[in-house]
Structures are given as C-alpha cells and as structure tokens.
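Worth saying up front: this structure is predicted, and the values here are computed from it rather than measured.
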Amino acid sequence: MSAASAPEVVLALVASAHLGFQATVTVLVYPALAGLAGLADEPTWARAHTSHSRRITPLVAVLYPALVLSGAWLVVDGPGAAGWTALVGVTVAIGATAVSAAPTHGRLGREGPAPALVRRLLLADRVRLAGAVVAALGAAAVAL
C-alpha cells in the first residue's frame, strides 16, 4: 500500500473539518434558528438571522475555499475511486449551498421567517451534511 499523497491528506483534513462544522450547523445551529423562526416577532428574527449570518461567514469563508482548492489539487494529482467519491461529496455540499442554502438565507433576511423558506433551508442543510459525510469518508479512505 502506498503512502497518501499531499493532496489526499490535505483534502482529508479539510473535509473532516468541514464535516465537523456542517454537523454542528445541522444538529445545533439550524434547529435553534428554525425554532426561533416560529416564536419570534419580525425584529427579533431579523436580529437573530443577521447575527447568525455575520458570525458564520468567517468560517464559511475559510472552509469552502479550502474545500475547492484541496479538491482541485486532488483532481490535478489524479484521484482514484475513493478520491472521486470525496470530490462528489464536496460538490454536493458546495452545490447545495450555492443553489439552495445561500439564496434561501438571502430570502429569509429580506422576507422574514416564512415556514416554507425555513423548511427549504433545513432540507438544503441536510443535503449539505450528506455531502460532507460522503466527502469526509471518501477522503479518509484515500488518505489512510
């Protein structure tokens, strides 16, 4: 068995960090935000949503580019099957963010906590978590 390449190790580390972040958002952060959506008046919701967005942005600004760059590095290096599996997971997580979660957050910020928007955000978040799990498991299989 050959040693893991640098891109494989880097993607495994970044994908693992992303999974920890994403699991925390899915299990703790979004349920609290969704619960507040059903209880709070508009100004309270707006403050909470704005605060959430402001606090989470630096983490997203570090993790998502790191996922893209480490994934691109692995593509250049020539991934095997497990590497491609990890890259599919990364693509699902980033795609769910770009196509659904980020635009839904924008609408929640503008329109308030409409139940359909909150449900859409929670669904997009579960898709992101599934992608993060696949990415971390694929990357770990490559790196080990």
Side-chain angles (χ1 to χ4, degrees), residues 4 6-144:
E8 292 169 338
V9 172
V10 170
L11 181 59
L13 292 171
V14 173
S16 296
H18 178 250
L19 175 57
F21 163 79
Q22 189 57 58
T24 300
V25 168
T26 302
V27 173
L28 298 174
V29 176
Y30 277 8
L33 197 59
L36 182 61
L39 301 174
D41 57 31
E42 283 292 323
T44 302
W45 163 259
R47 281 192 307 276
H49 185 261
T50 299
S51 178
H52 159 76
S53 297
R54 186 180 61 251
R55 289 179 176 155
I56 206 161
T57 296
L59 294 169
V60 171
V62 169
L63 284 171
Y64 277 68
L67 280 170
V68 170
L69 292 172
S70 59
W73 190 16
L74 182 58
V75 168
V76 169
D77 192 54
W84 283 114
T85 300
L87 292 167
V88 166
V90 167
T91 302
V92 167
I94 292 173
T97 300
V99 171
S100 187
T104 302
H105 264 298
R107 287 188 62 194
L108 284 164
R110 290 187 307 276
E111 300 172 22
L117 292 177
V118 173
R119 283 191 303 273
R120 182 179 302 151
L121 181 64
L122 294 173
L123 177 60
D125 186 62
R126 288 182 183 106
V127 172
R128 279 194 300 210
L129 179 60
V133 168
V134 169
L137 290 175
V142 169
L144 296 178

If every non-hydrogen atom of [X] is compared with every non-hydrogen atom of [Y], which pair is closest and at what distance?
X    : Y    : answer
A6   : W73  : CB-CH2, 3.7 Å
A140 : A12  : N-CB, 4.4 Å
A4   : V9   : CB-CG2, 3.8 Å
L36  : A48  : CD2-CB, 3.1 Å
L117 : T104 : O-CG2, 3.3 Å
P113 : E42  : CD-OE2, 3.4 Å

From [X] [atom1] over to [Y] [atom2], what is the distance, rounded to the nearest 0.5 angstrom?
X    : Y    : atom1 : atom2 : result
T50  : W45  : OG1   : CH2   : 9.5 Å
F21  : H18  : CZ    : NE2   : 6.5 Å
L69  : L11  : CG    : CG    : 11.0 Å
T24  : L19  : OG1   : CG    : 9.0 Å
T26  : L122 : OG1   : CG    : 9.0 Å
H105 : L33  : NE2   : CG    : 6.5 Å

Per-pair distances, 0.1 Å, donor-acceptor, side chain in residues 53-60, under 3.5 Å, sequence neighbours excluded:
residue	atom	partner	partner atom	Å
S53	OG	H49	O	3.0
R55	NH1	S51	OG	3.3
T57	OG1	S53	O	2.5

Side-chain heavy-atom pair [X], [Y] within 4.5 angstrom cut-off:
X    : Y    : result
Y30  : L121 : yes
L123 : R119 : no
L129 : D125 : no
L87  : V75  : yes

Please check if the side chain of S100 supplies one atom and the backbone of A96 the other of a donor-acceptor pair under 3.5 Å. no
Checking I94 against L67 for the side-chain contact (heavy atoms from CB on, under 4.5 Å) test, could you report, in this order, the C-alpha distance in whole Å, the side-chain angles of both residues, the deciding distance, and whether it holds? CA-CA 9 Å; I94 292 173; L67 280 170; 4.2 Å; yes
